Amino acid sequence: MQLAVKETEPAVEAVSHRKMIEIDDLSLVFQTNDGPVHALSDINLTIRQGDFVSFIGPSGCGKTTLLRVIADLERQTAGSIKVDGTSPEDARKNRLYGYVFQAPALLPWRTIAKNCAVPMEISGQSAAHQTSQIDKYLTMVGLQDFHQKYPWQLSGGMQQRASIARALCIEPELMLMDEPFGALDEITRDHMNMELLKIWEQTKKTVVFVTHSIAEAVLLSTHIVVMSPRPGRITKVIESPLPKLKTLALRDTEAFHQLAAEIRAALADEHAID
Amino acid sequence: MQLAVKETEPAVEAVSHRKMIEIDDLSLVFQTNDGPVHALSDINLTIRQGDFVSFIGPSGCGKTTLLRVIADLERQTAGSIKVDGTSPEDARKNRLYGYVFQAPALLPWRTIAKNCAVPMEISGQSAAHQTSQIDKYLTMVGLQDFHQKYPWQLSGGMQQRASIARALCIEPELMLMDEPFGALDEITRDHMNMELLKIWEQTKKTVVFVTHSIAEAVLLSTHIVVMSPRPGRITKVIESPLPKLKTLALRDTEAFHQLAAEIRAALADEHAID
Amino acid sequence: MQTPLHHRSWFAVLSTVIAVIAIWYLAALWLNGQQLIKTYERKNQSWQLTDIVQQAYAVKRPMLPPPHQVVQEWVKTVFQTKPSSKRSLVFHTIVTLQSTLLGFALGTVLGILIAVGIVHNRTLESSFMPWVIASQTIPILAIAPIIVVVLGAMSITGIFPKAVIAMYLSFFPVTIGMVKGLRSADRLHMELMQTYFASSSQLFWKVRWYSAQPYLFASLKIAIASALVGAIVAELPTGSQGGLGARLLSGSYYGQTVQIWSALLMASLLGASLVFCVSVLEKLMLRKRGYQA
Amino acid sequence: ADQLTLQLKWVTQAQFAGYYVALEKGFYEDEGIDLTIKPGGPDIAPAQVLAGGGADVIVDWMPSALATREKGLGMVNIGQIYGKSGMMLTCLKSSGIASPEDFGGKTLGVWFFGNEYPFLSWMSKLGYETNGGDGVTVLKQGFNVDPIFQGQADCVSTMTYNEYGQVLDGGLTPDELILFKYEDEGVATLEDGLYVMEDTLEDPAKVDAYAKFLKASIAGWEWAKENPEEAAMIVLEYDDTGAQTEDHQVRMMTEVAKLLSASDKGIGYLEPEAYQRTVDVLLSSDSAPVITKEPEGAYTHVVFDAAMAL
Amino acid sequence: MKSTLLTALSVLIVLVQVGASLTLSEGFMTAAPAWWLLLIFFVASATRLMNEMTRWLDAQPNANRLFKLVVPGLFAVVLLTIWQTLTRGYSVPSVLLPAPSDIVLALFNNGPVLWADFKQTFLKAVLAGYVIGCVSGFIVAQLAVKSRFLELGLVPLGNFVSAIPIVGIAPIMVMWFGFDWPSKAAVIVVMTFFPMFINTLTGLQSVDALHKDLMHTYAAKSAQKFTTTQLPQALPYIFNALKINATLALIGAIVAEFFGTPIVGMGFRISTEVGRMNMDMVWATIVVAALAGSISYGALALLERRLLFWHASVRNAQP
Ligand SMILES: Nc1ncnc2c1ncn2[C@@H]1O[C@H](COP(=O)(O)OP(=O)(O)OP(=O)(O)O)[C@@H](O)[C@H]1O
Ligand SMILES: Nc1ncnc2c1ncn2[C@@H]1O[C@H](COP(=O)(O)OP(=O)(O)OP(=O)(O)O)[C@@H](O)[C@H]1O
Ligand SMILES: Cc1ncc(C[n+]2csc(CCO)c2C)c(N)n1
Ligand SMILES: [Mg+2]
Ligand SMILES: [Mg+2]
């Protein structure tokens, strides 16, 4: 299956909002000892302000790499990308986005609260503002009693939640999240999903979200980008027909199952056990 | 909700099979710097030969700990446990069980095939037997082309599959599996689930399985043990009404959804985000 | 993408070496020049700057011999002298090399044995480990002559007393690294072995030994450099039996600065090549277990 | 043959030419002695080697031998090779020193490791403090005479046969220097002598071996005195460091020859008066005394007499 | 019950042997070789006591730190007692090896001399050289981590220099910097510079790739990167160098004193007193040096535990 995205208008689109991310014919090749790895190939994608876009696809299809290109952690080898109308580098320097990594990446020598403070310290926020933000978001992720603990005193899931709180504290325009809930159990994950939806609905921020879970992608997204490996490319972009205001109950609806089935089919198309 | 398991007969039961694991009033308290942690409290559970039992519950509820007690990697602080009629220590010395850890735990200085050989080397199997077992089970998990690769040349999911093959190679009476498929993407996971079911159905081994995923628990198990944290305890044991011979298509049946909903309710009952 | 010139390894190393040599020449001019001026003044002779610059690089007993003087002496004693001659630096290098290698071998074995003992026996750890550390705070030079004399009294002479001192310095990094390495075995791997009911020797040979290897090699590089220091230090009190230490000593005894420097140059070449050999061994060993270089 | 080991006080050099000559020329062999010579070094204390059994005979200076004897190690002089002291203090005229009275406030380089006793006695006799204060500043001189070239010291210790030559080689001329020989200052003590453990003298077989050894050594010294150039070459043969030069060793041999004992009984005889003079010098220092009481039985002529009788 | 009795017996045997070694007359082992029996029982008893003490301490996670010194202390008592027994029992000449009791006496009788030596060698030369060497190694590592050029040039040089037996430069330093402590400090500076440089550089570069990315996403300035991630990450390596250097520094100073000193200092004392056959004084000086070294090392290790409480090596350390 060849990607049919370029020919038509970019599929990810929401009415009357400005373009947040514009990717044109973007490719990225890693040079390694074993020869070049085509991590991303001919990516075309537009994400508008207020969208909630999920990347889904098998391991190694380039989801993380694409997110890193947006965050200016990696540079494309061909094609172009604009973030909020500027280069990714300028967007980063303007502190436009918050990034949640696949691993918690907490500093082991700082308490949870002090870890959350790092980005605010760096952008020079007042101490009072720092404390109130930390209180707010640590409570939101259910870690209100763990301010003074060190990362290694928490379970993996709790660490991951702390890292989400850290990204939320600076309330960025754009949230880039790389499988943020991979380490959580289903119930906590449901809870975190709903919290994330709440924040997104309230603030109308843009979210780019990487996940392995079809259910999660369906539950959260306005647009689902299905990717495929070797070389990493977009095989399909699905716009969600579900209402913007979502609840967990949605999961038992026909529309939900249908969308899930559509994604599963798109994934299975390209998938063979490696 | 108090556990109603003790009063009635142990709920996990299959007709006419001998008891594989018997746990009575078992508790386990970890002494830590911050005071005692009640990881397991008053656990009562019987698992019979041929059962496929899943432990499900939120992070930190003691699933791993309970599995470790069975494997003699941890010792209870109160109560008693018998494995195959003997103490866990004797069961371990008899090499009764195979254990799949939450992480792949492959030795980075051995190739995949050599890693699978470790338990057989230790129990002194012949080289020819080793090779044939390794061939068989690496093929089963889809790694037939990766015998001579080193662990770090494989993706996380492939590593986890290798570790499953390693446990299967010794064809133990009892398989203890701690979230073995957590690191896999959904499609591969489905595939592995079906392979596991196939092996279990063919060999009639006993499996104790820890998972975060309700769907996985429903798909695989004859019995589902729902656990709850602080202190870690069993809140419900559900016997699956589904047929023993399962297929992926089962997931779209009413019975499946009903069981999943029952588990979700049992989990939610005790669950508040910590 | 092209790496800019100043980010090329060879360029950076070359520039550094050139800078070092340039500074060396300047310093030689400064130090030897001052000495010359002092001599002129003592003799009440007048002098010109050009005289100083001319002579500063050819002083017989320089404060700092310029590089070419050192290299000349080095070439003379290495290539233009029969290696069997006692005037050949090669001869002395071999003397030192022998006690270094013997001491290094002894130290490695001893260090590994102590580490294995410490890791397997709690009492040994709690009673012995602090003294292993304290042993290194004893100034080795102080006990070097004592060791030489005591071993000499037991009619153990030749390279062995020197090797003992080399061993004394080199076992320590090995012990420390090895203990750390044996302990650094992944807990999960250890538990895995426990589920297989592996014996402690199986545990050692299948897991611990491998987890210790990277630490062991890092330590061996330090240990072989320490063994060389030990061998040289041990040659100071027994000053007249040959070796690079004896060269340093006799150079100092007769005010032969150039001889000191060329012995030092030889010692650094020897040290660097010994460390290099260990890293080659390390690469081979690690490649055998599948790591890429 | 009798096996004997001789421990030298310092590295292989013409200072010990007699022993090497005797070894090379087979004098020891002729006497039926199988001799091993152990060279010394900066931190080898011959007395310690003797006590540990690493050597049967050692070359040592009398001040340190007597001091060691007072510590309870019974070592005895069985023959005195050097009759005169070669030690001196070499000073720069430009430092303003003209006589020992000018030492006050000056910096003097001195050898330690048991070689400092004559110096300490001398300073004590002159009334100088050596531990700072208003006396002299003492440096532990390394192995060479650099301090005088680098202006770190006003005077350095030298031996007539060794370091003095180095001072001259280094570019200083005799007229820039002023020398204070210990012999001339009346503080000379006996230098290279041969010592053994006292209890071994009770064994006649040992005494016999010592006597043969002494006889051969004396012969070696006499030969060396007559043939300084060949003797120097023999020493060079035995030098393992390869650092000694021919010029230097010939000069050393020539100077050493002037110090060999000149008593009527020949090289190797310890003159009781010379011994007594040394003891008096050492006893005379009141601060930091080297020895506190008259030593007894610190030397014997038994071996020398036996050697002459062979 | 039986084990308590055995323990009591062990304590008794240890005490008897210690007492015997101190009070019996010279040469008692030569006279009555039967004393060997007691010595063997003594070693066995002490081993038993150490075993029990270790087991007891391991079961007592909250025991006072000081208690942990008991076992190594006992080990030292064993070694010293054997030493004392053999030197006195066979009347080994003190010129060769003095008995521990003689060394202790020398320690007490020569307080002022030992203190003056300590001041000269440790408080002046070692401290000055150590501080200058470590600080400059640290600073140059900062420069190297910022400039790829410097890093490429200096690291091979550093590796080369750290293979040089630096003691060899001692005579040169004495020639350049004179006889007093500055020349010793100079040797120490050169000896300690490179371990600190290489370790700090490795530490600064060992920053987790993820943490580096994180700082990048925050568009942190390089000073902020330094204090938030690089410095804490480098601390374990820096402490490593500090500890290595603590042992190197003392050796360096004493070796350098071999080539010329004023007439004070620990290296001077050792070599002079060997020449004077005062071996008790030699060993007393060695004891002072070893104490100074061990205490510095211990203090650094304690500080390390304090500052690196978060690091796996400290958290996983045996109790
Ligand atoms: N720094 C790198 N150097 C070389 N190859 C790389 C690098 N980073 C990623 N790759 C390769 O690029 C491809 C895409 O990797 P990426 O991490 O984006 O996958 P992913 O979709 O995030 O997978 P996962 O779901 O496992 O996280 C993979 O084949 C990977 O091996
Ligand atoms: N060695 C230990 N020392 C102290 N506490 C421990 C230890 N191991 C586990 N615990 C605690 O015991 C509780 C149960 O842990 P366990 O690992 O069994 O949870 P789990 O159900 O497997 O969680 P997850 O789904 O995150 O793997 C947790 O609160 C944990 O912090
Ligand atoms: C530490 C030391 N001691 C002595 C000398 C000088 N020296 C050279 S030969 C000689 C006579 C001894 O046999 C003496 C004293 C020195 N340079 N260094
Ligand atoms: Mg990824
Ligand atoms: Mg778990």
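Sequence lines set the chain letters: A, B, ... in the order given, protein chains first and strands last, and positions in each chain run from 1. Please read these numbers as outputs of a predicted model, since none were measured by experiment.
- For the atom pair C:N121 CG and E:N51 CG, the distance stands at 6.5 Å (nearest 0.5 Å).
- Between chain C and the options E:S147, E:A253, E:S271, E:S294, heavy-atom pairs under 4.5 Å are most frequent for E:S294.
- Ranking C:S184, C:A12, C:G271 against chain E, the residue ahead of the rest is C:A12, based on heavy-atom pairs under 4.5 Å.
- Taking every heavy atom of both residues into account, C:W131 and E:A76 meet most closely at CZ2-CB, 3.2 Å.
- When E:I286, E:I251, E:L250 are each tested for a side-chain contact (heavy atoms from CB on, under 4.5 Å) with C:I138, only one passes: E:I286.
- Interface residue E:Y297: only side-chain heavy atoms are found under 4.5 Å from chain C.
- For a residue to count as touching a neighbouring chain, one of its non-hydrogen atoms must lie under 4.5 Å from one of that chain's; by this rule E:A292 does not touch chain C.
- Contact of the C:W261 side chain with the E:I172 side chain is registered, since non-hydrogen atoms from C-beta on lie closer than 4.5 Å.
- Within the 4.5 angstrom heavy-atom criterion, atoms from both the backbone and the side chain of C:V13 approach chain E.
- Taking both residues in full, the closest heavy atoms of E:M175 and C:M63 are given as CE-O, 2.9 Å, listed atom of the first, atom of the second, then distance.
- Of all heavy-atom pairs spanning C:Q136 and E:T247, the tightest one is O-CB, 4.0 Å.
- The CD atom of E:E151 sits 9.5 Å away from atom OG of C:S9, with the distance rounded to the nearest 0.5 Å.
- By the 6.0 Å contact criterion, CZ on C:F217 is enclosed, its count of non-hydrogen atoms from other residues, nucleotides or ligands being greater than 12.
- Looking at E:L248, neither its backbone nor its side chain comes within 4.5 Å of chain C, counting heavy atoms on both sides.
- Of the residues considered (C:V17, C:L64, C:L124, C:L269), C:L64 shows the highest number of contacts with chain E, using heavy-atom pairs under 4.5 Å.
- A tilted orientation is assigned to the rings of C:F11 and E:F149, their planes being inclined by 30° to 60°.
- Neither the backbone nor the side chain of E:M266 comes within contact range of chain C; no heavy atom of the residue lies under 4.5 Å from a heavy atom of that chain.
- Contact count against chain C (heavy-atom pairs under 4.5 Å) is highest for E:A290 among E:A170, E:S296, E:A290, E:A249.
- E:G153 and C:T16 get closest at one heavy-atom pair: CA-OG1, 3.1 Å.
- With a 4.5 Å cut-off on non-hydrogen atoms, C:S15 touches chain E through its side chain but not through its backbone.
- Nearest heavy-atom pair, C:S127 versus E:V71, reported as atom, atom and distance to 0.1 Å: CB-CG1, 3.6 Å.
- Contact annotation for C:S268: both backbone and side-chain heavy atoms come within less than 4.5 Å of a heavy atom of chain E.
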